Structure formats: structure tokens, C-alpha cells
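Data first, discussion second: the structure below is written as C-alpha cells.
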Amino acid sequence: MASIFRTIADLWSLVVGLGITGKEFCKPGVTVHYPRAEVTPEAAASFRGPIELIGLDKDPAKPKCIACMLCVSACPSNCITVTRAPTPKPTPEELKAMAEAEARGEKPKKPAPPKAPGTWTYDFSLCSLCGSCVEACPVDSIGFSHDIYMVGTKREDFVFDQLARLARKAAARKQEPKPAAKVAPEAAPEAPAPAPETAAATPASEA
């Protein structure tokens with residue numbers, strides 16, 4: 001008896017599965033047959049590809065990154081390597097001011113290191129696309145790219161210098177043709193103002 005109920009349950013599961021398959025089969029296709037067709041940019045916008053740096057609004061070739069290393073700590077795959085930019089050498093004027101401050105017994109103020117990365121390397125072959133680095137970044141300097149057709153023939157092809165990649169991307173955007181500005185519709189020519197009516201002088205004799 002138990003085997004009969006089990007058989008019925010299995011058949012019902014098969015019917016449910018076939019129903020779901022038939023329902024999805026009748027829906028319009030959501031995939032494209034590459035390379036005969038390519039995914040539209042609108043559809044690729046939701047694709048989470050390799051992470052990339054986001055540039056400053058004023059200078060898109062420079063990242064927002066402040067080299068705080070939170071992304072390196074958050075990455076469970078150890079696929080991010082960041083080094084801080086070196087401290088700039090003091091200028092002769094700064095050296096002179098520092099020497100004068102030391103002569104006065106004061107503590108000279110040395111140039112502070114810039115809050116920017118010197119190198120930013122990303123190994124996509126190790127990345128699990130978990131997004132931990134994106135969530136950890138305090139300045140929103142990391143985002144997912146939408147490069148859906150990235151290919152490579154060797155592992156080294158997926159090790160990215162993110163600073164150079166950002167600079168190339170900014171240069172490419174700079175060369176893109178700008179959308180044509182909308183031309184305001186021409187205003188209709190104004191109708192000539194009617195000539196002011198002049199009251200005909202009524203001769204006093206006709207009044």
C-alpha cells in the first residue's frame with residue numbers, strides 16, 4: 001500500500017515538473033544566440049562582472065580610492081593587492097622651512113602621504129564576486145563592471161592593474177562622441193505690432 005502512495009507522489013511530482021517546464025517553454029526567450037546576437041547594454045547593466053575602480057567626478061582617470069585597505073581585509077579570496085602612494089619628496093622651500101623650524105626648536109611639519117593608491121592589482125581568476133570589497137569600501141570606489149564578453153587565453157589575462165584599467169576607460173569615454181545637443185525649436189516670428197491708432201483730429205467746425 002505504501003508503495004502505491006509513493007508511486008502516486010512521484011507521478012504528481014513529475015506532473016508538477018512538466019507543468020513548470022511547459023510554462024517556461026512558452027515564455028519568450030531571455031538568452032541570445034551569441035555571436036549571432038549580443039546582449040543589449042540595458043540587459044547587461046545587471047551583469048556583475050569583474051570589479052573595477054570608480055573615478056572621481058572631476059577627474060575620471062583618478063580613483064576615489066583612499067588606500068584604506070578595507071577592501072583587502074574584507075576579501076575572502078585574497079585577490080586584491082593595494083599599496084599606498086609614496087610620500088612626495090619635500091620641495092626646497094619645504095626643506096628650508098623644516099630646517100628653520102628645527103633651528104627654532106620646533107617640530108617641523110613633514111609632507112603627509114597622499115590618500116591614494118600607488119598600485120591596485122586585482123586577480124579575477126581568484127575572485128568569487130561575493131561583493132565584500134564593494135560593501136566595505138567607505139568611499140564607493142569599487143563597483144562591478146558590466147563587461148559581459150571578457151575573454152582570455154591564459155590566467156595572466158585576468159590579473160588587472162586597476163589604475164591603468166581606469167585610465168584606459170576614462171580615455172575611451174573621452175573619445176566617445178558626445179550626444180548631439182537638443183536644438184530648441186525656433187520661435188515663431190512675432191507679428192508686427194499694429195500701428196497705433198491716431199485719433200483723427202476733428203475739426204472744431206465739424207463738431
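From a predicted model like this one, the values you see are computed outputs, not experimental measurements.
Side chains of Ser125 and Asp123: a donor on one and an acceptor on the other come within 3.5 Å.
Side-chain contact check for Ile20 versus Lys23: every heavy-atom pair is 4.5 Å or farther apart. The shortest distance between side-chain heavy atoms of Ile80 and Trp120 falls below 4.5 Å. Between Cys71 and Cys137 there is no side-chain heavy-atom pair separated by less than 4.5 Å. Annotation: side chain of Leu163 is in contact with side chain of Pro63 (closest heavy-atom distance under 4.5 Å). In this structure the side chain of Met69 reaches within 4.5 angstrom of the side chain of Val82, judged on heavy atoms. Taking 4.5 Å as the limit, every side-chain heavy atom of Asp161 sits out of range of all side-chain heavy atoms of Thr119. Looking at Pro50 and Met150, their side chains come closer than 4.5 Å, going by heavy atoms from C-beta outward. Contact check for Cys127 versus Ser77: no side-chain heavy atoms found under the 4.5 Å cut-off.
Rounded to the nearest 0.5 Å, atoms CG (Leu18) and CZ (Phe25) are 13.0 Å apart. Atom SG of Cys75 is separated from atom CG of Leu126 by 8.5 Å, given to the nearest 0.5 angstrom. Between the CD1 atom of Ile148 and the CD atom of Glu38 there is a distance of 9.5 Å, given to the nearest 0.5 Å. Here Ile8 contributes atom CD1 and Ser13 contributes atom OG; the two are 13.5 Å apart, rounded to the nearest 0.5 Å. Atom CG of Leu53 sits about 12.0 Å away from atom CZ of Phe160, to the nearest 0.5 Å. To the nearest 0.5 Å, atoms CZ (Arg36) and NE2 (His33) are separated by 4.5 Å.
Taking both residues in full, the closest heavy atoms of Thr87 and Pro113 are given as OG1-CB, 3.3 Å, listed atom of the first, atom of the second, then distance. Across all non-hydrogen atoms, the minimal contact from Cys65 to Ser141 is N-OG, 3.0 Å. Glu94 and Lys89 get closest at one heavy-atom pair: OE1-O, 4.5 Å. When all heavy atoms of Ala112 and Pro88 are compared, the pair lying nearest together is O-CD, 4.0 Å. Heavy-atom minimum distance, Ser46 versus Ala43: OG-O, 3.2 Å. Scanning both residues, Pro90 and Met98, for their nearest heavy atoms gives CB-SD, 4.4 Å.
For Arg84 (side chain) and Pro117 (main-chain N/O), no donor-acceptor pair under 3.5 Å exists by modelled atom type. Of the possible donor and acceptor atoms, one in the side chain of Gln162 sits under 3.5 Å from a partner among the backbone N and O of Ile51.
Grouping the Ile, Leu, Val, Met, Phe, Trp and Tyr side chains by contacts below 4.5 angstrom, directly or via other members, places Ile142 with Phe144. Under the 4.5 Å side-chain heavy-atom criterion for grouping Ile, Leu, Val, Met, Phe, Trp and Tyr, Ile54 is not connected to Leu129 through any hydrophobic cluster.
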Self-check item: Derivation of the side-chain contact (heavy atoms from CB on, under 4.5 Å) call for His146 and Arg48
Solution: CA-CA 6 Å; His146 307 303; Arg48 292 173 54 158; over 6 Å; no
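Remark: Lys115 pairs with Ile66 by the side chain to side chain contact (heavy atoms under 4.5 Å, CB included) rule, at least two apart or across chains.
Ring orientation note: the planes of Phe124 and Tyr122 are tilted relative to one another, at an angle of 30° to 60°.
Environment of CZ in Arg6: sparse, with no more than 12 heavy atoms of neighbouring residues, nucleotides or ligands closer than 6.0 Å. Residue Lys64 places its NZ atom among more than 12 non-hydrogen atoms of other residues, nucleotides or ligands, all under 6.0 Å distant.
Between Lys107 and Glu102, no side-chain nitrogen of the basic residue sits less than 4.0 Å from a carboxylate oxygen of the acidic one, so the salt-bridge criterion is not met. The existence of a salt bridge linking Lys27 and Glu24 is confirmed by a sub-4.0 Å separation between a basic side-chain nitrogen and an acidic carboxylate oxygen. Salt bridge absent: Glu156 and Lys154 never bring a charged side-chain N and a carboxylate O closer than 4.0 Å.
Taking the centre of each ring, Tyr34 and Tyr149 come in below the 6.0 Å mark.
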